[in-house]
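Just below is one structure, and these are the notes that go with it.
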Amino acid sequence: MKKSNNTSKLPQIAVPQPTPSWLQNFTPPLQQARCFSNNDQDKEALTLALAEHKRQPSLDSLEQAFDSSLVLEQFKQAKALLKEMKKLGASDVFLNLQKATYYMATEKLALAKRYVKQALLHKNQLDNRHRAYLYFTQGILSFIQNKLETLPITQALHYDYLLMPSERGMCYLVRGLIRLDREAYEAAYQDAQSSLHARPQNDVAHYLRAMAGYYSGHLTHLQQDTQIVLQSQDELIGKTMKSTVRQLQNALPKEPVVINKDFMNNLRHRFFDDVDDMIDTTEDLDDCLATWTGPRFENKMGSIILKSMEYLREALSPLNKPDLDEKLKEIQEYLQLCVDKYFTQACLDLIAPSRTDATLEQLHAWRKQILLIMDGYDKVYQALVDKLEELAVVYQIPVFLGKKKKK
């Protein structure tokens with residue numbers, strides 16, 4: 001086996017700081033190699049891994065060189081590296097995992113399945129990093145064989161902090177594609193988001209987000225995603241995918257404003273974030289008793305309504321309706337009536353017990369009052385949603401909260 005120690009001409013690649021979990025167990029040269037591999041620079045990763053193994057022989061360096069050899073389709077070298085691993089004392093379960101990877105790369109799926117099955121029998125002998133990779137391999141193999149199982153991918157994601165971002169992105173992508181096939185569109189959309197967060201340059205993940213976003217009612221990224229798919233040179237993006245996203249483009253509402261899930265999520269955040277932050281930042285009971293007061297809840301409600309109106313004014317401005325401000329003023333006045341009806345009295349009734357000698361009965365009564373206030377927030381928000389629905393009818397705004405996918 002030829003080993004190179006000439007790494008002087010290699011470009012440097014930044015190792016994330018602080019060092020993430022998926023790099024922490026490696027020497028600095030292998031951290032560099034892993035980063036190269038994560039960014040599809042496997043020639044550089046292979047050179048570094050072989051040089052590091054010559055300097056300090058280890059299974060980690062052999063495994064990195066083995067993985068890069070498979071990506072580069074240098075299968076003869078990969079097979080030689082398997083023998084080196086065995087000489088270095090690799091366990092049978094470790095070797096079975098590597099063999100499964102080898103046979104997947106060489107498209108001998110029956111053999112790959114056999115070695116995955118053998119590795120699973122003794123998975124407890126693997127460290128968490130290799131156990132995660134075993135589940136990852138099992139999930140990808142099942143997907144290739146059209147056995148759509150989300151369990152192994154979900155098991156791999158339990159150890160997502162030990163997977164390279166490229167592997168993590170692939171896990172979310174595969175699980176999302178399975179969920180899309182099962183018409184679990186909201187879950188598929190969230191997986192697409194997670195996949196693109198881990199690995200932004202993935203055209204298939206953009207296809208997944210476009211499809212799942214359309215059918216779940218998330219339209220924010222749909223134009224961007226369809227353009228990326230249509231312009232893609234990725235061999236995995238075929239004519240069928242491009243034809244499908246063209247149909248999505250044609251099916252999109254042409255109006256300048258669409259009320260979709262992203263619109264409603266933004267409105268909900270404007271309405272609830274302030275009070276949620278107030279509640280979440282309290283650390284103990286004394287802090288709650290001092291902070292959660294009727295006047296403060298009332299101040300939050302006033303601020304919340306103003307923020308919600310400002311969001312609607314901004315979001316609906318592309319409609320260019322001259323009476324929009326008047327309509328929003330009417331909604332704001334109606335919300336104030338709802339506050340007076342559902343909310344103000346609950347705030348007036350809220351009396352925090354003494355923090356030093358509060359009885360259990362007093363605490364129960366205080367908790368009941370807090371729940372009434374939270375119920376008031378919900379009722380005012382629902383009144384806002386109802387008024388928005390009326391506005392959508394008046395202005396003929398499309399409401400696009402998800403569609404049923406045709407088989």
Look only at the side chain of [X] and the backbone of [Y], and say whether a donor-acceptor pair between them is shorter than 3.5 Å.
{"X": "T226", "Y": "Q223", "value": "yes"}
{"X": "S303", "Y": "N299", "value": "no"}
{"X": "T19", "Y": "Q24", "value": "no"}
{"X": "R209", "Y": "A192", "value": "no"}
{"X": "S142", "Y": "Q138", "value": "yes"}
{"X": "N96", "Y": "Q118", "value": "no"}
{"X": "K254", "Y": "N250", "value": "yes"}
{"X": "S68", "Y": "A65", "value": "no"}
{"X": "D160", "Y": "A156", "value": "no"}
{"X": "N39", "Y": "Q41", "value": "no"}

[atom1] ([X]) with more than 12 external heavy atoms under 6.0 Å:
{"X": "K113", "atom1": "NZ", "result": "no"}
{"X": "E235", "atom1": "CD", "result": "no"}
{"X": "K239", "atom1": "NZ", "result": "no"}
{"X": "Q201", "atom1": "CD", "result": "no"}
{"X": "K242", "atom1": "NZ", "result": "yes"}
{"X": "M170", "atom1": "CE", "result": "no"}
{"X": "E333", "atom1": "CD", "result": "yes"}
{"X": "R313", "atom1": "CZ", "result": "yes"}

Between [X] and [Y]: side-chain donor-acceptor atoms closer than 3.5 Å:
{"X": "T154", "Y": "R175", "answer": "yes"}
{"X": "Q56", "Y": "S61", "answer": "no"}
{"X": "Q382", "Y": "D378", "answer": "no"}
{"X": "Q190", "Y": "S194", "answer": "no"}
{"X": "D287", "Y": "T282", "answer": "no"}
{"X": "H218", "Y": "E186", "answer": "yes"}
{"X": "D225", "Y": "H221", "answer": "no"}
{"X": "H130", "Y": "D127", "answer": "yes"}
{"X": "Y377", "Y": "D276", "answer": "no"}

Taking every non-hydrogen atom, the tightest pair across [X] and [Y]:
{"X": "F36", "Y": "L48", "answer": "CE1-CD1, 3.5 Å"}
{"X": "S308", "Y": "L384", "answer": "CB-CD2, 3.9 Å"}
{"X": "I259", "Y": "A392", "answer": "CD1-CB, 4.0 Å"}
{"X": "L162", "Y": "S21", "answer": "CD2-O, 4.0 Å"}
{"X": "L219", "Y": "G213", "answer": "CD2-O, 4.2 Å"}
{"X": "F343", "Y": "E298", "answer": "CE2-CA, 3.9 Å"}

- Message: I'd like to know whether C338 forms a side chain to side chain contact (heavy atoms under 4.5 Å, CB included) with Y381, so could you lay out the CA-CA distance, the side-chain angles of the two residues, the decisive distance to 0.1 Å, and finally the verdict.
- Response: CA-CA 10 Å; C338 293; Y381 177 72; over 6 Å; no

First locate atom [atom1] of [X], then atom [atom2] of [Y], and finally report the distance between them rounded to the nearest 0.5 Å.
{"X": "M85", "Y": "S58", "atom1": "CE", "atom2": "OG", "value": "10.0 Å"}
{"X": "T244", "Y": "Q247", "atom1": "OG1", "atom2": "CD", "value": "5.5 Å"}
{"X": "L62", "Y": "E52", "atom1": "CG", "atom2": "CD", "value": "11.0 Å"}
{"X": "Q332", "Y": "K327", "atom1": "CD", "atom2": "NZ", "value": "15.5 Å"}
{"X": "Y189", "Y": "L180", "atom1": "OH", "atom2": "CG", "value": "13.5 Å"}
{"X": "Y172", "Y": "H197", "atom1": "OH", "atom2": "NE2", "value": "9.0 Å"}

- Could you walk me through whether L222 and L252 pass the side chain to side chain contact (heavy atoms under 4.5 Å, CB included) test, one step at a time? CA-CA 9 Å; L222 207 145; L252 281 177; 3.6 Å; yes

- Task: Take D277 and K300 through the salt bridge (Lys or Arg N to Asp or Glu O under 4.0 Å) test and state the conclusion after the steps.
- Result: CA-CA 11 Å; D277 288 344; K300 290 291 183 189; over 6 Å; no

- Parallel, tilted or perpendicular: which describes the rings of Y115 and Y103, with under 30° parallel and over 60° perpendicular? parallel

- Check the angle between the aromatic planes of W292 and F297 and answer parallel, tilted or perpendicular using the 30° and 60° thresholds. tilted

- Give the C-alpha distance, both sets of side-chain angles, the deciding distance and a yes or no for salt bridge (Lys or Arg N to Asp or Glu O under 4.0 Å) between K307 and D274. CA-CA 10 Å; K307 284 186 176 181; D274 281 0; 3.0 Å; yes

- Query: For E326 and K329, what are the C-alpha separation, side-chain angles and deciding distance, and is it a salt bridge (Lys or Arg N to Asp or Glu O under 4.0 Å)?
  - Reply: CA-CA 5 Å; E326 185 62 31; K329 184 179 179 182; 5.3 Å; no

- Message: Show, in sequence, the C-alpha distance, side-chain angles and deciding distance for V93 and K123, and conclude whether the side chain to side chain contact (heavy atoms under 4.5 Å, CB included) test is met.
- Response: CA-CA 7 Å; V93 64; K123 62 187 178 186; 5.8 Å; no

- Message: Under 4.0 Å between a side-chain nitrogen and a carboxylate oxygen: does that hold for E63 and R34?
- Response: no

- Would you mind checking if D92 and K99 are paired as a salt bridge, meaning a charged N to carboxylate O distance below 4.0 Å? no

- Ring centroid separation Y311 to F271 under 6.0 Å: no

- Message: For a side chain to side chain donor-acceptor pair (under 3.5 Å) check, start with the C-alpha distance between Q64 and D60, then their side-chain angles and the critical distance, and finish with the verdict.
- Response: CA-CA 6 Å; Q64 178 61 63; D60 283 339; over 6 Å; no

